[in-house]
Amino acid sequence: MEPEYSATVVDHFEHPRNGGHFEAGEGVVRGTAGSVAQGTMFVLSARISDHRIEAVRFEAYGCPHCIAAGSWLSERLVGLDRDQLRAWRWRDADQALGFPLEKRGRLLILEDAVHSLGEAWPPFIP
Amino acid sequence: MEPEYSATVVDHFEHPRNGGHFEAGEGVVRGTAGSVAQGTMFVLSARISDHRIEAVRFEAYGCPHCIAAGSWLSERLVGLDRDQLRAWRWRDADQALGFPLEKRGRLLILEDAVHSLGEAWPPFIP
Amino acid sequence: MTPAKTIYLDYAATNPVDPRVAELMIECLRPEGAHGNPSSGHSFGTRARAMVEKARQQVAAAIGARPECIIWTSGATESDNLAILGVARFHADRGRHVVTSRTEHKAVIDAFKQLEKEGFEVTWLKPGADGIVRPEQVREALRPDTQLVSLMHVNNETGVIQDVAAIGAICRERGVAFHVDAAQSAGKLPINVEAMNIDLMSITAHKTYGPKGIGALYIRRRPPLGLRPLSYGGGQETGLRSGTLPTHQIVGMGAAFEIGERDREADVARVTALRERLWQGLNAIGGVELNGHPTERVAGVLNVCFHNVEGESLRFGLRELAVSSGSACSSGSDEASYVLRALGRTDQLAQSSIRFSLGRFTTEDDIGRAIAIVRREVERLRALSPVVAQSHGT
Amino acid sequence: MTPAKTIYLDYAATNPVDPRVAELMIECLRPEGAHGNPSSGHSFGTRARAMVEKARQQVAAAIGARPECIIWTSGATESDNLAILGVARFHADRGRHVVTSRTEHKAVIDAFKQLEKEGFEVTWLKPGADGIVRPEQVREALRPDTQLVSLMHVNNETGVIQDVAAIGAICRERGVAFHVDAAQSAGKLPINVEAMNIDLMSITAHKTYGPKGIGALYIRRRPPLGLRPLSYGGGQETGLRSGTLPTHQIVGMGAAFEIGERDREADVARVTALRERLWQGLNAIGGVELNGHPTERVAGVLNVCFHNVEGESLRFGLRELAVSSGSACSSGSDEASYVLRALGRTDQLAQSSIRFSLGRFTTEDDIGRAIAIVRREVERLRALSPVVAQSHGT
Ligand SMILES: Cc1ncc(COP(=O)(O)O)c(C=O)c1O
Ligand SMILES: Cc1ncc(COP(=O)(O)O)c(C=O)c1O
């Protein structure tokens, strides 16, 4: 049997928001986690302005839940500051998207990607 | 699967000739062989006149082949004398009726009944 | 003799498919039908799967079971084997004693004979002359190493009903698995596997106006009952029965069981009346006897022995009637029914016995004509018989 | 997504019933149909029996066998088990070594795993990256105590064809029983069991436009090959497979095999052309690879792996197509296909592989739409992928 996908997952999978990445440059940071061999990989890139995230782009290799999570996340991160990013936890995404139990591990990879974005965010960026 | 019956068997089974018996009396002899427990039994009764069989009646308990054989026989014995009766062999009936191999034994009971009729035929009957 | 002229009185061998059931099966077979593999993940598969699961609920509801306790098989023969060989082999290290009776269907008897070859000890219970195995006989047969008791609900040759609920209670009390072959009772008697303490139950569609080639095994799931499969593969039916599920067949069985249970009381009343009429008619010929218990019997089966008529001639004489002697699988063979022999009938009487079995499509006219045909042939053959004078009957 | 809008490209999982076959089955299911038990002696029985025997001839003719070598089963799963467990168990005292491959259907693999539990030693041949087991590998695996070799004719996941005739010759020479699972080849390739030295062959109706739930096992009769049944009972099919024969199902299989063989060449030519078109269309997307041998393959199966697209997302993205990954019985499960893994594919590539399987009712339009849908989804997912830049393909 095919796994079940919630309406939110299907929506984000079919109409992903903010797919792609920003070209490297001033005010652009990049976070990444996972690998193809693991079956799940996220690359997040964010444009930062005034200590807050102004826009996010995502790339994802993974199951529909993961692609939906990348898309969903790209909207939620806007407006967050560096500390909020580092404090981000997977549970929000789980609640919004309804990951099946056996896929929870993939959300931890997403969390890693968010934190990696936080790490990449140099304190001196305006 | 039901056993196969030749057209001759079916005809004699459905329209047996000379069923029944003659009441005991002068010129009437009776031969019998087999038993219900054996699954096959024949009773033949014959009216004798001028050293020859004038008419035969048969009774049979047994399979369709046996009933057909009794009926068929009741026509063939007419005109036979005592020695011919004693010399009667089962092969004629087999040829006429096509007994399956596993039923041949029943023809020997028929032969016994014919011979028993011969035994019962006292030499002094006219 | 064309079938059209022949009167079908062999419902215990197999049933025609009820037209309402056939319609549903036919829908599945059409190009636009649910032709997907029920195990496939795509929409064709899920559509077929939904139909399979609906049918599972229908069958479960008809026997008082939860749907997850039903697994599909190819018929009662396979269900019997899966239950008997499956339980015995799985639990072989806990004990190798098993119990059944001498009047079971061949599918049960031969499965137990196979167990004997595999080192099991079988207690073969002998029913009374009425065909009934007393629950006390079962209790006495149980031993500490008994793994399984298998007894049929309704006998296919005589229609005699066993008290499976009482036997189930004894087995449950003693912790022995209890298998029931209910091929002949589904749709004919109320069945509730839970109330009857049945652990495994074999059913088949084609005795309940469904298609041939599909059946099911009820398996108690709580507490779980270990079972070794007969075959291995795709892992369908929780691994107990691999192979692509035949949607149209399963849909047919589901519908047949739902209709069978819904219409059961009306069907039974109608068939009982016809059978009563048939019995009166046959009895009036004289020299006949009922085989098996006079009242503990299912509506549609009447097994009668005819004194002083040889069996093969009787059957051939009655070839306008589709009836049987013995069970279909062995009928035509010259051997006397082992079931009637176990009830104490002589070889001769067993061979001169005819099973008339009636069903949903049997008519008054069928019965009237059948009685006339039997009377004609029996009287004709008896008139040719050398032994009628010295016997009872005519 | 309703099935009507979905394009069916899963013929290797199961086929719709050919309408010509369905018509014949439907006739059997109607009230006036041949509803008797084929084992019954009366006219209803003999009418059904005649239809069963006609179908046996049809199936036998399609595979170059004599009719008495065909026994009816519930499908290829049962046939595989009956052949493998049947021969191995029957001859266990003569030797306990058996041979098969790692890319067989689960019904074969799991039967051999069961034999391992019963103390047999199994040699699991590993095919090459093209999916082919070389006949020499079989020769090298044979030992004096080898009882059985089992290899499939056409692989259900890749469509790759094994040289069963060459393997048959080797087995015959060495006196080892040779079983072939031909579920996927009947009606698609010429088969002649005698010429190919096949001793046992499994076939099933539902992969050849017949109904699900009916199959057959070809068994060489001269010299006779001992076989232990899986189940016991009425003694139908020379005691090897008891149970009431399902006339409508058997009639359907007979007709399906007759049509399949008669129309084979035309069907294959048409399907090959469609598959070629599909492959050209998919190949043009880029970053795709064929799984299995490029030419030693059956017409209707195309198994393709898509680089840089995650498998589950690809499958979900393609849900307007009824296709599969792995075989139907295990599809949807997250595990990568063991068949593709045995061919050396990584887990990721195996999971990003799709089996497109075409058949008699596939149209040009289906293929055109399928190509467009696959292109759209693959490009869309690749555009979201973080790794496309550093990979081949796009
Ligand atoms: C009591 C009983 N058990 C088992 C069977 C076997 O059923 P099937 O033909 O479905 O295998 C039958 C009928 O044939 C039966 O009457
Ligand atoms: C190669 C092969 N063998 C066996 C089977 C099992 O066949 P069935 O579903 O008829 O049991 C299949 C298909 O499911 C198959 O493709």
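Model, not experiment: these values are computed from the prediction. All chains are named by letter (A, B, ...) in the order of the sequence lines, taking the proteins before the strands, and each is independently numbered beginning at 1.
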Show every ring-ring contact (aromatic ring centres under 6.0 Å, His included) that has at least one partner inside residues 13-36 of chain C, sequence neighbours left out. His35(C)-Phe44(C), His35(C)-Tyr8(D)

With a 4.5 angstrom heavy-atom cut-off, is it the side chain or the backbone of Asn15(C) that approaches chain D, or both, or neither? backbone

If one checks every heavy atom of Val323(D) against chain C at 4.5 Å, the contacting part turns out to be backbone

Between Pro31(C), Gly36(C), Ala22(C), Pro19(C), which shows the greatest number of heavy-atom pairs under 4.5 Å with chain D? Gly36(C)

Pairs where residues 226-235 of chain C contributes a residue and the test side-chain hydrogen bond (donor to acceptor under 3.5 Å, both in side chains) is met, not counting sequence neighbours: Tyr232(C)-Gln114(D)

Would you mind telling me which of Ala107(D), Gly213(D), Gly215(D) has the largest number of heavy-atom pairs within less than 4.5 Å of chain C? Ala107(D)

Taking Glu104(C) for the side chain and Ile109(C) for the main chain, is one N or O donor matched with an acceptor at less than 3.5 Å? no

Any donor-acceptor pair under 3.5 Å linking the side-chain atoms of Lys106(C) with those of Ser242(D)? no

Heavy-atom proximity to chain C below 4.5 Å, by part of Leu245(D): backbone

Measure Glu23(C) against the heavy atoms of chain D and call it side chain, backbone, both or neither at under 4.5 Å. side chain

Most heavy-atom pairs under 4.5 Å with chain C, out of Glu32(D), Lys113(D), Glu78(D), His206(D), belong to His206(D)

Name the member of Val108(D), Asp110(D), Ile250(D), Thr73(D) that forms the most heavy-atom pairs with chain C at distances under 4.5 Å. Asp110(D)

Side chain / backbone / both / neither for Pro16(C) at chain D, heavy atoms under 4.5 Å: both

Return yes if a side-chain donor-acceptor contact under 3.5 Å exists between Asp80(C) and Thr77(C), otherwise no. no

Would you check, one step at a time, whether the test side chain to side chain donor-acceptor pair (under 3.5 Å) holds for His179(D) with Ser202(D)? CA-CA 8 Å; His179(D) 168 250; Ser202(D) 302; 2.7 Å; yes

